[in-house]
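To start, the structure itself, in structure tokens.
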Amino acid sequence: MATKRRGGFGARRKRNMEVKAVVDLGADSSDDDLPEEVTFEKAKADAVRSMRNALETVKRDKELLKEKRRKRQELFQQQKKRKLLSEDMLEEIESAYTKKGKPLDSEEQEKEESEEDEDSEEEVVNARLKESYKAVRLKDQIDANTRQESASDFIRSRLYGPGTNRTTTNQMLSLKNKTGNNKTAAVQFVNKNWGSENKGKAEKLKKRWVHSQTVVAN
Amino acid sequence: MGEFKVHRVRFFDYMPSGIRCMAFNSKADRLALARLNGSVEIFNFSNNYFQEKVIPGSDSRSIEAICWVGCDRLFTAGLNGEVVEYDLERLCPKYTLDAFGGPIWTAACNSAETHFAFGCEDGSVKLFEILPDKIQFERNLDRQKGRILSLSWHKSGTLIAAGSLDVIRVFDVKSGHSVQRILVDRGPAGTRNKDCVVWNVAFLSDYTIVSGDSAGKVQLWDANKGTLIKTHLVSKWDVLSLSVSENEDSIVAGTSEGTVIQFQLLSPTIGDAETQWIRTRTFKHHTHDVRAVTETKTAVVSGGLDTQLVICPLMDKVEVKSSESVLRKVIFPHRSLVSCAKKPSLLLFQFPDQLELWRLGGTDTVGKPGESLPVTRKPEKLLQLKRKGDDHICCSTISECGHWIAYSTVSSIRLYQLQCDNNNISITKVSKLPKVLRSAHQLQFSADSSKLFVASEQATIHVISLSRSECKHVHTFKPKSGSSAPVHLLAASADGQWLTSANRHCEINVYNLKKLTHHCMVPVYNSLPSAMAIHPETSNLLMAHADQQVFEFSIVDKQYTDWSRKLQKEGLHRCRSKWHTPITHITFNPSASSQVMLHDTHMFCIIDQRLPLVDLQAQFYSQLTPKDMSETDRPSKNNAFKMCKKYQIVLGSLTLILTLYFTALFPWPLLHVNLLEDDWLVVVERPLIDIHSQLPAPVRQKKFGT
């Protein structure tokens with residue numbers, strides 16, 4: 001500590017020694033060579049630079065953190081806004097509220113207001129339901145189906161999943177064919193799924209052409 | 001004899017479903033089999049391995065375990081979390097019970113048959129009490145973390161072994177706590193990443209647990225100490241099924257590569273008292289995963305994803321050389337799935353979820369015997385009728401004129417009227433059916449298409465009169481003996497006077513349709529009838545039974561005919577003993593009244609009743625093209641029994657002019673053979689290679705040199 005506070009000379013000496021040590025250890029030079037001369041200014045500049053870098057990184061980190069916090073705050077605000085009613089909805093409610101207002105006793109007015117509130121709330125709730133909810137069949141949603149599916153997935157993955165070393169029936173039959181007495185063609189010689197789109201298009205074109213020919217003939 | 005022109009039909013894409021689990025009932029000698037589409041089949045092993053009952057499946061039902069209780073109660077449990085008990089008389093589920101544990105993976109009954117244990121997805125083992133008419137939830141054993149995939153009771157009923165992922169637990173039934181936890185090692189180096197699934201456990205009476213797991217090991221554990229006794233590394237893939245014989249001296253295991261391995265309790269040195277479990281036999285009858293295996297007294301029965309049921313006899317247990325000592329493969333159902341409307345040449349194919357109606361093609365050319373003729377009119381698919389609801393179709397039929405189609409599921413019967421102009425097909429559903437019709441085991445139209453005969457689930461036969469405007473219920477026939485066995489065969493005579501029905505108790509009843517009374521009952525023969533038909537002219541009833549015997553009964557005289565008695569005395573040719581599949585269809589040649597044609601899955605034969613029966617030792621002569629040969633050259637022996645083994649014209653004067661829709665000349669299994677007018681024969685074939693090419697993926701086996 002004392003050496004550090006004293007600053008320049010002691011630090012410089014230490015740093016020089018360190019530099020020298022580094023040079024001694026790093027370089028493949030022999031012990032006879034003189035250590036390299038490092039000036040005071042250069043060393044000072046180095047030190048200052050390193051301190052500045054450190055300060056800058058700290059500042060940058062702080063800023064980044066701030067940015068992140070700000071962004072998160074914004075996101076929360078947006079979500080909150082989305083959850084709350086939109087501006088239009090509020091206007092609608094207000095207009096409905098003021099429209100239904102007639103000259104009545106205060107009590108009745110209060111009751112009506114509360115009813116209107118409920119109505120409007122219901123209206124609002126119904127409108128909201130239409131947007132974010134939908135009706136589904138209970139039969140499709142029952143837990144049992146998902147459990148049964150997960151059980152069948154388990155057995156399928158154990159028998160046919162990755163790592164089970166399965167091959168196709170065509171391969172197995174080809175193997176039998178190869179070792180059998182009568183060697184014939186493979187059972188599934190042609191991959192029928194290949195080019196199905198092109199084949200479909202060709203069929204349609206052929207039909208169209210035939211139709212056009214018959215129309216021309218007629 | 002006769003020359004026929006043949007339609008070879010190969011557009012029936014029949015695809016059976018893979019076998020998931022099976023259970024053998026040794027008291028009743030019956031095997032119950034559950035398939036992946038939810039259907040349950042029962043085979044009667046003492047009756048020539050005949051497929052006695054078929055309970056159709058359902059889309060919402062899935063079966064993972066099947067269990068017999070007593071002689072006549074059958075339970076299944078599946079991934080939809082439900083336990084189903086079946087009514088074996090009405091061939092439908094009696095009731096379903098939700099176990100509330102999620103998908104059920106396994107079910108086991110204790111040896112005293114008082115309790116059921118179910119292993120569920122949530123890790124709990126649920127105990128149900130078996131009452132005479134239902135089962136009732138009793139309690140849960142301690143819930144564990146992983147899903148319970150296999151269960152086995154100890155013979156005493158006090159301990160249950162449960163297999164889960166990487167671990168086998170032994171539960172004490174009384175307290176419900178897990179008393180032993182056995183960790184299963186994950187196997188050789190390649191499989192260490194995946195957890196080891198214990199697919200099967202079996203608890204032997206000397207407190208040894210046998211387990212088969214996904215690393216391909218069959219291991220023997222000591223349940224008291226929780227230690228490993230022996231490991232047998234059986235395959236590189238999973239051991240999917242395990243079964244212990246009744247006297248616990250043999251264990252059979254089925255693997256994913258299609259092998260079935262037997263272990264026997266033997267002493268390694270002769271004369272030594274100490275016995276060990278030693279791997280003895282390996283069978284490879286399957287090409288795909290073997291998911292169900294069981295053992296009877298004399299055979300090993302296995303079934304798997306290649307949809308075949310294989311019954312392999314163990315030669316050291318078989319004592320008599322009888323039909324028991326033959327390897328059997330049951331691939332096709334023992335009933336006909338094809339109906340034929342002869343006049344308009346229509347074929348109706350029955351699938352579990354739809355019906356398809358096809359019109360046969362035709363040819364205008366004439367050819368020489370043995371030639372294949374080019375097709376001028378292609379066969380066309382007229383109609384595809386999908387069923388409504390989840391239940392699978394159990395029976396269907398089309399009328400002779402082709403204007404009516406009917407099918408039935410376990411919950412409903414539907415009748416359709418078909419109008420078929422040259423190119424336009426229109427189908428209308430008959431909406432108001434009589435209320436008495438709920439479900440049917442068999443449907444049959446009368447020969448003039450004016451009546452529909454429905455064999456209902458209550459073992460009665462309803463007669464419904466059909467007309468364009470409405471259908472009325474005319475009469476109900478009840479069996480004379482009052483038995484409630486399901487009726488599986490119906491035959492109506494061509495003149496509309498007689499109706500015969502055959503039920504699962506081997507009873508054949510004949511009813512008079514004009515007087516609407518019961519006429520007589522054919523003497524009961526021990527074997528189940530597999531096909532039945534009434535001769536159009538002589539009104540003789542021809543019956544074929546599951547043990548390949550053929551009888552003829554005269555309905556008018558109420559006794560067996562002379563021809564039938566002669567046939568029984570002399571017996572049929574020894575070639576008949578090679579037939580393993582039952583005869584599924586009998587029909588008559590419209591142009592020659594004495595010719596009877598019957599077929600099973602691998603061959604069809606024509607019997608001419610006028611000609612003398614063949615001697616047992618006689619040789620058959622091959623008679624080629626008798627029309628070209630002169631009178632003097634024809635051999636003198638004219639046999640009554642001509643057999644045509646799949647277009648290898650081995651014997652008989654059957655000359656075939658073939659009309660080929662697909663090019664192939666190998667013998668394929670037959671699904672249906674019928675005689676149309678003008679000497680046309682329609683043969684519906686289903687090549688096994690077509691079924692094999694649509695099976696799921698098998699394991700990859702590296703063979704040297706490929």
Side-chain angles (χ1 to χ4, degrees), chain A residues 136-194 196 199-200 202-203 206-207 210-211 214 218, chain B residues 20 36 60-62 64 78-82 98 100-105 120-122 146-147 149 165 190-191 193-197 199 213-214 236-238 240 256-258 287-289 291 305-306 664 666 687-706:
Chain A
V136 287
R137 230 168 38 151
L138 199 61
K139 213 161 92 164
D140 302 327
Q141 295 292 97
I142 293 180
D143 231 2
N145 276 351
T146 52
R147 286 204 283 183
Q148 183 176 355
E149 272 182 33
S150 75
S152 44
D153 283 343
F154 164 74
I155 203 165
R156 208 179 308 131
S157 71
R158 286 313 302 222
L159 288 181
Y160 297 104
T164 45
N165 226 357
R166 295 260 168 183
T167 175
T168 61
T169 321
N170 198 20
Q171 291 268 23
M172 183 191 73
L173 292 170
S174 304
L175 214 65
K176 266 197 205 163
N177 201 8
K178 187 163 185 177
T179 52
N181 285 330
N182 293 340
K183 300 201 195 319
T184 57
V187 173
Q188 195 190 5
F189 196 67
V190 172
N191 185 2
K192 296 213 171 88
N193 301 332
W194 183 78
S196 53
K199 280 189 195 159
E203 273 293 319
K206 190 164 86 171
K207 267 194 203 163
V210 165
H211 183 73
T214 50
N218 294 345
Chain B
R20 174 60 187 93
L36 289 172
S60 55
R61 200 189 313 155
S62 100
E64 288 287 317
L79 290 181
N80 52 1
E82 291 179 348
D98 199 328
F100 296 112
I104 302 178
W105 287 101
C120 305
E121 168 88 357
D122 61 356
R147 38 170 72 97
L149 287 153
L165 296 165
T191 56
N193 308 329
K194 288 201 293 193
D195 34 1
C196 182
V197 179
W199 289 117
D213 56 27
S214 61
K236 274 198 280 186
W237 290 276
D238 313 32
L240 288 175
S256 253
E257 45 183 356
T287 51
H288 286 67
D289 307 46
R291 293 199 74 181
L305 291 180
D306 59 353
F666 298 102
L688 281 177
I689 201 83
D690 285 353
I691 296 182
H692 285 158
S693 57
Q694 291 178 44
L695 289 175
V699 291
R700 176 196 302 271
Q701 292 192 308
K702 189 86 181 62
K703 295 252 193 260
F704 181 74
T706 56

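What you are looking at is a predicted structure, and each value in this text was computed from that prediction instead of being measured. Residue numbers begin at 1 in each chain, while the letters A, B, ... track the order of the sequences.
Taking CG of A:Leu175 as the start and CD of B:Gln701 as the end, the distance is 8.5 Å to the nearest 0.5 Å. Distance check, rounded to the nearest 0.5 Å: CZ of A:Arg158 to CG of B:Asp238 gives 7.0 Å. The CD1 atom of B:Ile691 sits 13.0 Å away from atom OG1 of A:Thr169, with the distance rounded to the nearest 0.5 Å. Interatomic distance, CD of A:Gln148 versus CD1 of B:Ile104, reported as 11.0 Å (0.5 Å rounding).
Using bins of under 30°, 30° to 60° and over 60° for the plane-to-plane angle, the ring pair A:Phe154/B:Trp199 lands in the tilted bin.
Nearest heavy atom pair, residue A:Tyr160 against residue B:Pro696, reads OH-CB, 3.7 Å. Heavy-atom minimum distance, B:Trp105 versus A:Ile155: CZ3-CD1, 3.7 Å. Here the closest non-hydrogen pair linking A:Thr167 and B:Arg700 is CG2-CA, 3.6 Å.
Here the side chains of A:Asn170 and B:Ser693 are not in contact, with every heavy-atom distance at 4.5 Å or above. Looking at heavy atoms from C-beta onward, B:Ser256 lies in side-chain contact with A:Arg166 at the 4.5 angstrom threshold.
Between chain A and the options B:Gln694, B:Lys703, B:Arg291, B:Glu64, the largest number of non-hydrogen pairs under 4.5 Å is found for B:Arg291. Here B:Val197 is the residue among B:Leu240, B:Asp98, B:Val197 with the most heavy-atom pairs under 4.5 Å with chain A.
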Next item on the list: Quick one: do A:Met172 and B:His692 satisfy side-chain contact (heavy atoms from CB on, under 4.5 Å)? Show the steps, please.
Entry: CA-CA 10 Å; A:Met172 183 191 73; B:His692 285 158; 6.0 Å; no
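There is no contact between A:Ser174 and chain B, counting heavy-atom distances below 4.5 Å. Heavy atoms of A:Asn165 lying under 4.5 Å from chain B belong to its backbone as well as its side chain. The part of B:Ser62 that comes within reach of chain A is its side chain, from C-beta onward, which places non-hydrogen atoms under 4.5 angstrom from that chain. Only the side chain of B:Leu305 comes within less than 4.5 Å of a heavy atom of chain A; its backbone N, CA, C and O stay farther away. For B:Asp122, no part lies near chain A; criterion is any non-hydrogen pair under 4.5 Å.
By the neighbour-count criterion of 12 heavy atoms within 6.0 Å, atom NZ of A:Lys206 is sparsely surrounded, having that number or fewer from other residues, nucleotides or ligands.
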